[in-house]
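A, B, ... follow the sequence lines: proteins, then strands. Residue 1 opens every chain.
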Amino acid sequence: MQNKAIADMLEEIASMIELEPGDRHFEVRAYRRAALSIETLQEDVADILRNRGMEGLKEISGVGEGIGAKIKEFIETGKMRKYDELKKKYPVDFKGLTKVQGLGPKKIIKLYRKLGITDLESLKKAISSHRIMKLEGFGEKSEAEMEKALGFLESSKGRLTLGQALPEAESIATKLRKSKLAYRVEVAGSLRRMRETIGDIDILVISSEPKKVMEFAANLDEVDSVIAMGETKATFWLTIGTSCDIRVVEQNSFGSAMQYFTGSKSHGVKMRQIAIKKGFSLSEYGLFDKKGKAIASESEEEIYKRIGMDYIEPEMRENIGEIELAIKHMLPKLIRYGDVVGDLHVHTTHSDGAEKIEEMASYAEKIGMKYIGISDHSQSEFVAHGMDDAKFMEYFKEIDRLNEKLEGRIRILKSGEVDILKDGSLDLSNKTLDEMDYVLATVHGNRNMDRESMTKRVITALSSGRVGIWAHPTGRLINAREPLQLDLDKIFEVAKDNDVVMEIDAYPDRLDLNDENIRKAKSYGLKFAIDTDAHRASNFDFIRYGIGTARRGWLEKKDVINTMNIERMLKALKANA
DNA sequence: GCCGTTTTCGGCCCGACTGTTTTCAGTCG
């Protein structure tokens, strides 16, 4: 997929045009807009070009005749002349340097012309020899800020996962609430949209004492240093290695502020454009008419309504078609956070889990689960103490005994996380598989097969008639391991024919299937199970990350089998039921 | 350069914060 590369090039072209003589900032904005569209596009641009040609490209918002031709040129020849020409003139690594907080194209080019700085490496040298503070337009403070920003860049290993950032944000929000300085404190931004990784933490505060709120926040344990601090807006660097924006607004603009600070950027831009067309203007302070009179500002619901559409849930706000559906009153009714009543992927001390079956079951019961499927590893996963057929039989007996003891307060189901071997066969005997209430199957070993062989391997397994759920389908680990090479379209078709349920593994490093693949799978008519893959009782809390991801995938309650009671759920899991 | 229930020409989202060129440009979200 070349989308990211193309988006990066368009973004760099924008930066370079900004440096050209004359006021071309609308042209710059056009390139930026196109870059943003392509970066967040769900479909491969090359596929669009192949299937629908130039017309297809022009359907991408922000892409017209000119940018479309440049994208086509790049896909067909691997080159973009406009980019190369500009790059000759401005031989600077904008992509790297703009990552330094406070550096934009104008400053970057000044640093290049005066000091020959072309990349992060040469910037670092200039800073350490104190050449920047002597430049006109820069000063001691700018140089110090740049040094700090460079340090942040090196210490942050890219984006944090949702599972790392959300608890941190909640901890800060809780402390702010307890401070009694605020009427209301809410987490906004990409965390509220439940994106799988986040670039920073956004917290919105309603208070009549903004100054005190900022001072209080600056002294929290989580805060490493202050990047910027004004009356209503501050940015802190946190010890976990990301920044945190805190904004203080008044009660009467809470809704518009939440709408604004939740994003996504591209969703917000589209909303503002629609507002303008209707003769309004929308900002974080409210929706206003031409005379500047406030139409709506206290609640998000009111703002969406007054602009002429249904309320859009935060997880859907990515400008990938949700606004159009909201106008037509055709939004899906998303699954809710309390809708899951069972967990079908749970580990115990029988393989690599930390707690016994009984302990996991009793915790699950406590948090309101009606059933859990115990799914310890099969023999090939010897590092995870996977079990052979004989051991599985023992463990089934234990489950029978426990179910009797629990007297139906919670039902424990028999399953196993069974390896899909290299040839597509399953890692246990049919006799053992038949004893299970359902089979959870997945690829673990031999991950480096090519796309065709890996696809065949999975299809062989899923068409065996024995697989109930395909667990963490792509096998990716966020920030750590690439997904398996798979032709998901082909596999989803086979899965549909065989009634195989797709898993959404809620383990925060996995979130697999991801939002985009969930939408694709749903288009094939597939059903889903949202599971925690819990290895200890506290991991059951991960379920919200899975539900958030499902909501990002536009799933409704009826798409997810473990929202159903046990009889209906097992029926939906036809294999082995 | 893009785009059209005001337009095929003439508009294009907008407010906060910072450092420094002391009145605002550059950057950010």
Side-chain angles (χ1 to χ4, degrees), chain A residues 10 13-15 17-20 22-37 57-71 82 94 97-111 132-133 135-146 148-149 188-190 198-204 210 214 226-236 243-249 253 256-257 259-288 290 307-308 319 327:
Chain A
L10 296 175
I13 289 176
S15 293
I17 292 176
E18 212 169 349
L19 302 167
E20 294 280 275
D23 181 12
R24 294 169 65 180
H25 85 275
F26 286 115
E27 196 181 340
V28 170
R29 186 184 293 174
Y31 275 101
R32 294 241 151 90
R33 227 161 75 76
L36 186 64
S37 274
L57 290 182
K58 281 166 70 178
E59 277 168 28
I60 302 168
S61 123
V63 176
E65 204 61 57
I67 293 178
K70 290 178 183 77
I71 295 171
K82 173 101 175 176
F94 287 96
L97 288 169
T98 45
K99 281 193 195 134
V100 180
Q101 286 268 331
L103 273 191
K106 302 255 168 74
K107 285 187 185 171
I108 288 172
I109 213 64
K110 201 160 190 182
L111 292 173
I132 289 174
M133 54 188 272
L135 273 187
E136 197 194 336
F138 293 80
E140 215 168 309
K141 217 157 180 180
S142 322
E143 187 177 280
E145 284 302 311
M146 244 179 255
K148 213 158 95 185
S190 47
I198 61 109
D200 70 349
I201 291 173
D202 291 283
I203 294 178
L204 185 66
M214 295 309 189
V226 177
I227 296 174
M229 195 158 104
E231 281 283 306
T232 62
K233 188 177 158 184
T235 305
F236 303 109
S243 60
C244 173
D245 283 351
I246 295 188
R247 273 106 165 186
V248 182
V249 298
S253 53
S256 43
Q259 202 282 327
Y260 186 84
F261 296 125
T262 296
S264 68
K265 188 169 180 168
S266 132
H267 175 92
V269 167
K270 183 93 172 240
M271 290 291 294
R272 278 150 188 261
Q273 286 169 345
I274 294 174
I276 287 166
K277 267 181 217 154
K278 303 222 161 180
F280 301 135
S281 86
L282 176 64
S283 75
E284 56 263 55
Y285 299 107
L287 181 68
F288 301 96
K290 282 206 174 99
I307 295 179
N319 191 24
I327 291 170

For A:Q259, the option from A:I307, A:L282, A:L287 that meets side-chain contact (heavy atoms from CB on, under 4.5 Å):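 When A:I307, A:L282, A:L287 are each tested with A:Q259, the side-chain contact (heavy atoms from CB on, under 4.5 Å) holds only for A:L282.
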
When the [atom1] atoms of [N] and [M] are considered, how many whole Å apart are they?
N: B:dT8; M: B:dC3; atom1: C1'; value: 9 Å
N: B:dC17; M: B:dG10; atom1: P; value: 38 Å
N: B:dG29; M: B:dC13; atom1: C1'; value: 12 Å

Does [N] have OP1 or OP2 sitting under 4.0 Å from an N or O in the side chain of [X]?
X: A:S142; N: B:dT18; answer: no
X: A:R29; N: B:dC2; answer: no
X: A:Q273; N: B:dC3; answer: no
X: A:Y31; N: B:dC12; answer: no

Partner nucleotide of B:dT8 by Watson-Crick or wobble geometry (both distances under 3.5 Å):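 Checking every strand shown, B:dT8 finds no partner, since no pair has both distances under 3.5 Å.
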
Taking [atom1] from [X] and [atom2] from [N], how many angstroms apart are they, rounded to a whole number?
X: A:I71; N: B:dC2; atom1: CD1; atom2: C1'; value: 13 Å
X: A:R32; N: B:dC14; atom1: CZ; atom2: P; value: 18 Å
X: A:K277; N: B:dC12; atom1: NZ; atom2: P; value: 13 Å
X: A:Y260; N: B:dC13; atom1: OH; atom2: P; value: 12 Å

Pairwise 5' ranking along DNA chain B for A:F26 and A:I17, keeping only the more 5' one: A:I17

Residue closer to the 5' end of DNA chain B, A:K99 versus A:E140 (nearest nucleotide):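 Mapping each residue to its closest nucleotide by heavy atoms, the 5'-most match is A:E140.
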
Using a 4.0 Å heavy-atom cut-off across all strands, classify [X] as base, sugar-phosphate, or nothing.
X: A:D200; answer: nothing
X: A:T235; answer: nothing
X: A:K107; answer: sugar-phosphate
X: A:L103; answer: sugar-phosphate
X: A:V248; answer: nothing

Side-chain (A:S37) to main-chain (A:S61) donor-acceptor, under 3.5 angstrom: yes

Short side-chain to backbone donor-acceptor contact, A:S256 and A:G286, under 3.5 Å: yes

Donor-acceptor side-chain pairing of A:R33 and A:S266 below 3.5 angstrom: no

